[in-house]
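For reference, the structure is listed below as C-alpha coordinates.
When a residue number appears, it is its place in the shown sequence, counting from 1. Values below: all heavy atoms of this structure, side chains included; hydrogens, waters and symmetry mates excluded.
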Amino acid sequence: SAGIASVALAPAGQLAFAQTDYGIVGHPAPELEIGYWIDRNGDATNFSISEARGKWVLIKCFQDWCPGCHSSGFPMLKRFSDTYWDHPKVAIAGIQTVFEGFSTNVQEDVRKNQLKYDLPITMGHDAGDSDGDHRPSTMKNYRTGGTPWIILINPQGIVVHNSYHVNTDALIEYIGDQVA
(Lines give C-alpha, C1' and ligand atoms only; values in the text may rest on other atoms or scores of the structure.)
Protein backbone atom coordinates (compact mmCIF):
# COMPACT_ATOMS: atom_id res chain seq x y z
CA SER A 1 0.00 0.00 0.00
CA ALA A 2 1.02 3.63 -0.37
CA GLY A 3 1.30 4.08 3.39
CA ILE A 4 3.68 1.17 3.78
CA ALA A 5 5.94 2.48 1.03
CA SER A 6 5.98 5.98 2.50
CA VAL A 7 6.95 4.72 5.96
CA ALA A 8 9.55 2.35 4.54
CA LEU A 9 11.05 5.14 2.47
CA ALA A 10 10.97 7.94 5.05
CA PRO A 11 14.31 9.55 5.91
CA ALA A 12 16.39 7.61 8.41
CA GLY A 13 15.00 7.94 11.92
CA GLN A 14 11.80 9.65 10.77
CA LEU A 15 8.31 8.47 10.12
CA ALA A 16 6.51 9.51 6.98
CA PHE A 17 4.13 12.45 7.36
CA ALA A 18 0.74 13.11 5.86
CA GLN A 19 1.41 15.05 2.68
CA THR A 20 -1.28 17.68 2.49
CA ASP A 21 0.55 20.61 0.88
CA TYR A 22 2.75 18.67 -1.50
CA GLY A 23 2.72 15.39 -3.36
CA ILE A 24 0.00 13.14 -4.70
CA VAL A 25 0.67 9.91 -2.81
CA GLY A 26 -2.13 7.41 -3.41
CA HIS A 27 -3.18 9.00 -6.70
CA PRO A 28 -2.61 7.83 -10.28
CA ALA A 29 0.63 9.16 -11.75
CA PRO A 30 -0.01 11.81 -14.41
CA GLU A 31 1.77 11.54 -17.75
CA LEU A 32 4.89 13.67 -18.05
CA GLU A 33 4.52 16.65 -20.40
CA ILE A 34 8.16 17.10 -21.36
CA GLY A 35 9.48 17.72 -24.85
CA TYR A 36 13.20 17.20 -24.17
CA TRP A 37 14.56 13.78 -23.20
CA ILE A 38 17.99 12.22 -23.70
CA ASP A 39 19.15 8.64 -23.28
CA ARG A 40 22.34 7.52 -21.56
CA ASN A 41 24.36 8.51 -24.64
CA GLY A 42 22.89 12.01 -24.85
CA ASP A 43 20.73 11.15 -27.85
CA ALA A 44 17.12 12.29 -28.16
CA THR A 45 14.61 9.81 -26.76
CA ASN A 46 11.27 9.69 -24.95
CA PHE A 47 10.07 8.67 -21.50
CA SER A 48 6.46 7.88 -20.71
CA ILE A 49 4.64 6.96 -17.52
CA SER A 50 2.08 4.97 -19.52
CA GLU A 51 4.80 3.04 -21.36
CA ALA A 52 6.46 2.25 -18.02
CA ARG A 53 3.23 0.76 -16.62
CA GLY A 54 3.98 -2.59 -15.02
CA LYS A 55 7.34 -1.33 -13.70
CA TRP A 56 8.42 0.55 -10.62
CA VAL A 57 9.20 4.10 -11.75
CA LEU A 58 11.60 6.41 -9.93
CA ILE A 59 11.65 10.06 -10.98
CA LYS A 60 14.27 12.41 -9.54
CA CYS A 61 13.65 16.15 -9.97
CA PHE A 62 16.61 18.50 -9.81
CA GLN A 63 18.00 21.89 -10.82
CA ASP A 64 21.62 22.39 -11.76
CA TRP A 65 22.16 25.20 -9.26
CA CYS A 66 20.49 23.35 -6.35
CA PRO A 67 23.11 22.59 -3.64
CA GLY A 68 20.95 19.81 -2.13
CA CYS A 69 20.69 18.16 -5.54
CA HIS A 70 24.47 17.89 -5.73
CA SER A 71 25.09 16.98 -2.07
CA SER A 72 22.35 14.35 -1.71
CA GLY A 73 20.02 14.14 -4.72
CA PHE A 74 22.46 13.09 -7.41
CA PRO A 75 24.38 10.71 -5.12
CA MET A 76 21.05 9.02 -4.22
CA LEU A 77 20.11 8.81 -7.89
CA LYS A 78 23.55 7.41 -8.78
CA ARG A 79 23.31 4.66 -6.15
CA PHE A 80 19.77 3.74 -7.18
CA SER A 81 20.65 3.85 -10.89
CA ASP A 82 23.74 1.72 -10.42
CA THR A 83 21.51 -0.91 -8.82
CA TYR A 84 18.44 -0.80 -11.08
CA TRP A 85 18.98 1.11 -14.35
CA ASP A 86 18.86 -2.02 -16.53
CA HIS A 87 16.35 -3.99 -14.42
CA PRO A 88 13.36 -5.11 -16.54
CA LYS A 89 10.90 -4.19 -13.74
CA VAL A 90 12.29 -0.71 -13.00
CA ALA A 91 12.28 2.55 -15.00
CA ILE A 92 14.29 5.60 -13.90
CA ALA A 93 14.25 9.20 -15.08
CA GLY A 94 15.91 12.39 -13.92
CA ILE A 95 14.12 15.64 -14.71
CA GLN A 96 15.48 19.15 -14.40
CA THR A 97 12.36 20.97 -13.19
CA VAL A 98 13.17 24.65 -13.66
CA PHE A 99 11.07 26.99 -11.54
CA GLU A 100 13.73 29.64 -10.88
CA GLY A 101 17.13 30.56 -12.28
CA PHE A 102 15.81 30.22 -15.81
CA SER A 103 18.96 31.62 -17.39
CA THR A 104 21.27 29.26 -15.50
CA ASN A 105 19.27 25.99 -15.19
CA VAL A 106 19.35 25.39 -18.93
CA GLN A 107 18.72 22.36 -21.11
CA GLU A 108 22.46 21.71 -21.61
CA ASP A 109 22.81 21.15 -17.85
CA VAL A 110 20.84 17.92 -18.17
CA ARG A 111 23.62 16.25 -20.17
CA LYS A 112 26.33 17.96 -18.08
CA ASN A 113 24.94 16.40 -14.88
CA GLN A 114 24.29 13.06 -16.55
CA LEU A 115 28.00 12.90 -17.44
CA LYS A 116 29.23 14.38 -14.15
CA TYR A 117 27.44 11.72 -12.10
CA ASP A 118 27.81 8.93 -14.68
CA LEU A 119 24.06 8.34 -14.83
CA PRO A 120 23.02 5.68 -17.36
CA ILE A 121 19.38 6.78 -17.24
CA THR A 122 16.94 8.78 -19.34
CA MET A 123 16.94 12.43 -18.37
CA GLY A 124 14.70 15.35 -19.29
CA HIS A 125 14.32 19.10 -19.05
CA ASP A 126 11.01 20.62 -17.91
CA ALA A 127 11.35 24.39 -18.10
CA GLY A 128 8.81 26.49 -16.30
CA ASP A 129 7.47 29.76 -17.58
CA SER A 130 9.68 32.64 -16.47
CA ASP A 131 6.81 35.09 -17.07
CA GLY A 132 3.95 33.02 -15.65
CA ASP A 133 3.63 31.14 -12.37
CA HIS A 134 7.16 29.76 -12.95
CA ARG A 135 6.31 26.13 -12.20
CA PRO A 136 6.96 23.49 -14.87
CA SER A 137 4.32 20.87 -15.65
CA THR A 138 5.99 18.16 -13.54
CA MET A 139 5.83 20.39 -10.46
CA LYS A 140 2.18 21.25 -11.12
CA ASN A 141 1.03 17.72 -11.92
CA TYR A 142 2.92 15.99 -9.10
CA ARG A 143 2.58 18.89 -6.63
CA THR A 144 6.31 18.91 -5.93
CA GLY A 145 7.73 21.43 -3.51
CA GLY A 146 11.05 22.10 -5.21
CA THR A 147 14.32 20.24 -5.64
CA PRO A 148 15.71 17.75 -4.95
CA TRP A 149 12.45 15.79 -5.17
CA ILE A 150 11.80 12.05 -5.41
CA ILE A 151 8.72 10.41 -6.93
CA LEU A 152 8.13 6.65 -6.79
CA ILE A 153 5.32 5.07 -8.79
CA ASN A 154 4.24 1.46 -8.35
CA PRO A 155 3.62 -0.92 -11.30
CA GLN A 156 -0.12 -0.14 -11.17
CA GLY A 157 0.66 3.52 -11.87
CA ILE A 158 -0.04 4.84 -8.34
CA VAL A 159 2.31 7.35 -6.68
CA VAL A 160 3.63 5.74 -3.48
CA HIS A 161 6.33 8.26 -2.51
CA ASN A 162 6.46 11.95 -3.39
CA SER A 163 8.76 14.05 -1.19
CA TYR A 164 12.07 15.88 -0.78
CA HIS A 165 13.80 13.03 0.99
CA VAL A 166 14.18 9.29 0.84
CA ASN A 167 16.33 6.86 2.76
CA THR A 168 18.44 5.53 -0.12
CA ASP A 169 19.28 2.21 1.55
CA ALA A 170 15.62 1.62 2.42
CA LEU A 171 14.57 2.55 -1.12
CA ILE A 172 17.03 0.14 -2.72
CA GLU A 173 16.01 -2.64 -0.33
CA TYR A 174 12.29 -1.91 -0.77
CA ILE A 175 12.48 -2.07 -4.57
CA GLY A 176 14.66 -5.18 -4.34
CA ASP A 177 11.95 -6.90 -2.30
CA GLN A 178 9.27 -5.79 -4.80
CA VAL A 179 11.07 -7.01 -7.94
CA ALA A 180 12.52 -10.23 -6.51
Side-chain angles (χ1 to χ4, degrees), residues 1-34 37-40 45-62 68-69 72-97 114 117 119-126 135-180:
S1 85
I4 292 170
S6 292
V7 170
L9 302 178
Q14 298 178 16
L15 294 177
F17 55 92
Q19 295 178 351
T20 54
D21 293 335
Y22 297 115
I24 57 168
V25 169
H27 295 276
E31 191 56 71
L32 298 166
E33 301 169 3
I34 300 173
W37 290 103
I38 57 172
D39 65 14
R40 67 180 296 171
T45 192
N46 290 304
F47 187 90
S48 166
I49 296 297
S50 60
E51 288 179 18
R53 181 63 67 91
K55 298 179 180 185
W56 284 91
V57 178
L58 179 84
I59 300 170
K60 180 65 172 167
C61 299
F62 68 93
C69 294
S72 66
F74 282 119
M76 182 285 302
L77 183 57
K78 173 69 173 151
R79 285 189 55 216
F80 188 85
S81 298
D82 284 350
T83 305
Y84 293 113
W85 77 268
D86 63 347
H87 195 288
K89 295 181 182 177
V90 179
I92 308 167
I95 303 171
Q96 181 166 246
T97 52
Q114 188 182 45
Y117 293 98
L119 295 167
I121 63 171
T122 301
M123 294 182 71
H125 181 77
D126 188 3
R135 297 177 310 140
S137 64
T138 304
M139 285 188 78
K140 292 176 188 177
N141 295 339
Y142 283 87
R143 294 180 51 199
T144 70
T147 57
W149 195 270
I150 303 103
I151 301 164
L152 182 64
I153 303 163
N154 72 17
Q156 294 74 39
I158 303 300
V159 177
V160 296
H161 185 81
N162 195 346
S163 183
Y164 283 106
H165 303 288
V166 69
N167 178 315
T168 306
D169 293 331
L171 173 64
I172 290 170
E173 182 179 342
Y174 179 79
I175 296 300
D177 290 345
Q178 304 306 308
V179 299

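- Taking all atoms of both residues into account, the shortest heavy-atom contact from Ile121 to Ala93 is CD1-C, 4.1 Å.
- Across every non-hydrogen atom of Gly145 and Met139, the tightest pair is C-CE, 4.3 Å.
- For the pair Tyr142 (side chain) and Leu32 (backbone), a donor-acceptor distance under 3.5 Å is absent.
- Between atom CG of residue Leu152 and atom CG of residue Leu171 there is a gap of 6.0 Å, rounded to the nearest 0.5 Å.
- Counting only distance, with no hydrogens or angles, the side chain of Ser137 and the backbone of Glu33 share a donor-acceptor pair below 3.5 Å.
- Distance check: Ile172 CD1 to Met76 CE gives 9.0 Å after rounding to the nearest 0.5 Å.
- A donor-acceptor pair under 3.5 Å is absent between the side-chain atoms of Tyr84 and the main chain of Lys89, judged by distance alone.
- Here the CD1 atom belonging to Ile49 is positioned 10.5 Å from the CG atom belonging to Asn141, to the nearest 0.5 angstrom.
- Rounding to the nearest 0.5 Å gives a distance of 5.5 Å between OG of Ser81 and CG of Leu119.
- With sequence neighbours excluded, the residues satisfying salt bridge (charged side-chain N to carboxylate O under 4.0 Å, His left out) with Asp169 are Arg79.
- Remark: side-chain polar atoms of Asn162 are not paired, donor with acceptor, to backbone N or O of Arg143 under 3.5 angstrom.
- A donor-acceptor pair under 3.5 Å links the side-chain atoms of Gln114 to the main chain of Asp39, judged by distance alone.
- Residues Lys60 and Ile150 meet the side-chain proximity criterion, which asks for heavy atoms closer than 4.5 Å.
- The two residues Ile24 and Val159 come nearest to each other via the heavy atoms O-CB, 3.6 Å.
- Taking the side chain as every heavy atom from C-beta outward, Val90 and Thr83 never approach each other to under 4.5 Å.
- Taking the side chain to side chain donor-acceptor pair (under 3.5 Å) definition, one finds that Asp82 meets it with Lys78, sequence neighbours left out.
- From Asn154, atom CG reaches atom NZ of Lys55 across 15.0 Å, with rounding to the nearest 0.5 Å.
- Environment of CD in Glu31: crowded, with over 12 heavy atoms of neighbouring residues, nucleotides or ligands closer than 6.0 Å.
- Within the 4.5 Å cutoff, side-chain heavy atoms of Phe80 are placed close to those of Ile92.
- Summarising the geometry, atom OH belonging to Tyr117 is positioned 9.0 Å from atom SG belonging to Cys69; distances are rounded to the nearest 0.5 Å.
- In this structure, Leu58 and Ile175 have side chains that are not in contact, with every pair of non-hydrogen atoms separated by 4.5 Å or more.
- For Trp37, the ring pair (Phe, Tyr, Trp, His ring centres under 6.0 Å) partners two or more places apart in sequence, or in a different chain, are Phe47.
- Here the closest non-hydrogen pair linking Gly73 and Pro148 is CA-CB, 4.2 Å.
- Minimum interatomic distance between Trp56 and Gln178 (heavy atoms only, all atoms of both residues): NE1-CB, 3.4 Å.
- The two residues Thr144 and Thr138 come nearest to each other via the heavy atoms CG2-O, 4.3 Å.
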